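First the structure, in the form of structure tokens, and then the observations on it.
These numbers were taken from a predicted model, which means no experiment stands behind them.
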Amino acid sequence: MDEKKNQEFPQDSENNEYRYISAMWLDEIAVGLTAGAVKHPGETWRTIPTDEHLARAMRHINLYRKGDRSEPHLINASMRLMMAFCTSRNEYGEGD
């Protein structure tokens, strides 16, 4: 069955494989970012250094690994990693 599916839908047919991005995960990211925007208006995350976003992401990952389920740590870590990626590329920096 998998062999037939791979023949019908070759994995190299798309430049960007969006089919591998979980729609449920992406929706949770959007929910979290929306809540963050309400709590911290003005998109202040753009001014936070990349390393700080990474440290906060690691905090969430570590808490999750230790068994803490009091917050959506994996979603929070994912948001922080996106922010770190964007700030490292200066995607939202001054002059854009």
Side-chain angles (χ1 to χ4, degrees):
M1 181 74 174
D2 287 336
E3 184 177 317
K4 182 181 178 194
K5 184 176 180 180
N6 286 339
Q7 289 174 353
E8 291 177 21
F9 304 103
Q11 293 186 12
D12 61 353
S13 66
E14 297 290 333
N15 290 330
N16 299 318
E17 290 293 350
Y18 287 94
R19 68 179 126 190
Y20 298 122
I21 298 174
S22 165
M24 183 171 44
W25 171 80
L26 191 57
D27 192 57
E28 289 295 321
I29 297 296
V31 168
L33 290 170
T34 301
V38 170
K39 187 175 178 181
H40 304 285
E43 300 184 29
T44 57
W45 69 268
R46 295 178 182 191
T47 63
I48 297 171
T50 300
D51 284 345
E52 183 64 21
H53 286 304
L54 291 173
R56 293 179 188 191
M58 287 302 300
R59 175 186 166 275
H60 284 293
I61 291 167
N62 195 52
L63 286 169
Y64 184 86
R65 291 182 72 212
K66 288 173 54 179
D68 184 339
R69 300 300 187 265
S70 64
E71 297 178 42
H73 290 298
L74 296 179
I75 295 301
N76 292 343
S78 297
M79 290 186 296
R80 287 295 183 170
L81 290 171
M82 182 214 68
M83 293 172 188
F85 175 81
C86 292
T87 58
S88 74
R89 298 276 182 110
N90 200 24
E91 181 176 335
Y92 296 109
E94 293 180 26
D96 289 344

* To do: Might you point out which heavy atoms bring Trp45 and Met83 nearest each other, and give the distance in Å?
  => CE3-CG, 3.4 Å

* To do: Kindly give the cluster partners of Leu54, where membership spreads through any ILVMFWY side chain lying under 4.5 Å from a current member.
  => Leu81

* For Thr50, enumerate each residue passing the side chain to side chain donor-acceptor pair (under 3.5 Å) test, keeping only those at least two apart in sequence or located in another chain. => Thr87

* Residues two or more places apart in sequence or in another chain: which of them pass ring-ring contact (aromatic ring centres under 6.0 Å, His included) with His60? -> His73

Show me, pair by pair, the donor-acceptor contacts under 3.5 angstrom made by side chains of residues 21-29, not counting sequence neighbours?
from  : atom 1 : to    : atom 2 : distance (Å)
Ser22 : OG     : Met24 : N      : 3.4
Ser22 : OG     : Trp25 : N      : 3.1
Trp25 : NE1    : Ser78 : OG     : 3.2

* Structure fact -> Applying side chain to side chain contact (heavy atoms under 4.5 Å, CB included) to Ile61 and not counting sequence neighbours gives Met58, Arg65, Ala77

* **Co-members of the apolar cluster containing Val38 [side chain, <4.5 Å]** => none

* Return each pair, listed once, that meets salt bridge (Lys or Arg N to Asp or Glu O under 4.0 Å) where at least one residue sits in residues 66-83; pairs must be two or more places apart or across chains. => none

* **Minimum-distance pair of heavy atoms, taken over all atoms of Met79 and Gly32** => SD-C, 3.4 Å

* Asked: Residues two or more places apart in sequence or in another chain: which of them pass salt bridge (Lys or Arg N to Asp or Glu O under 4.0 Å) with Arg56?
  -> Glu52

* Sort and list the pairs that fulfil side-chain hydrogen bond (donor to acceptor under 3.5 Å, both in side chains) and have at least one residue in residues 31-40, not counting sequence neighbours. => none

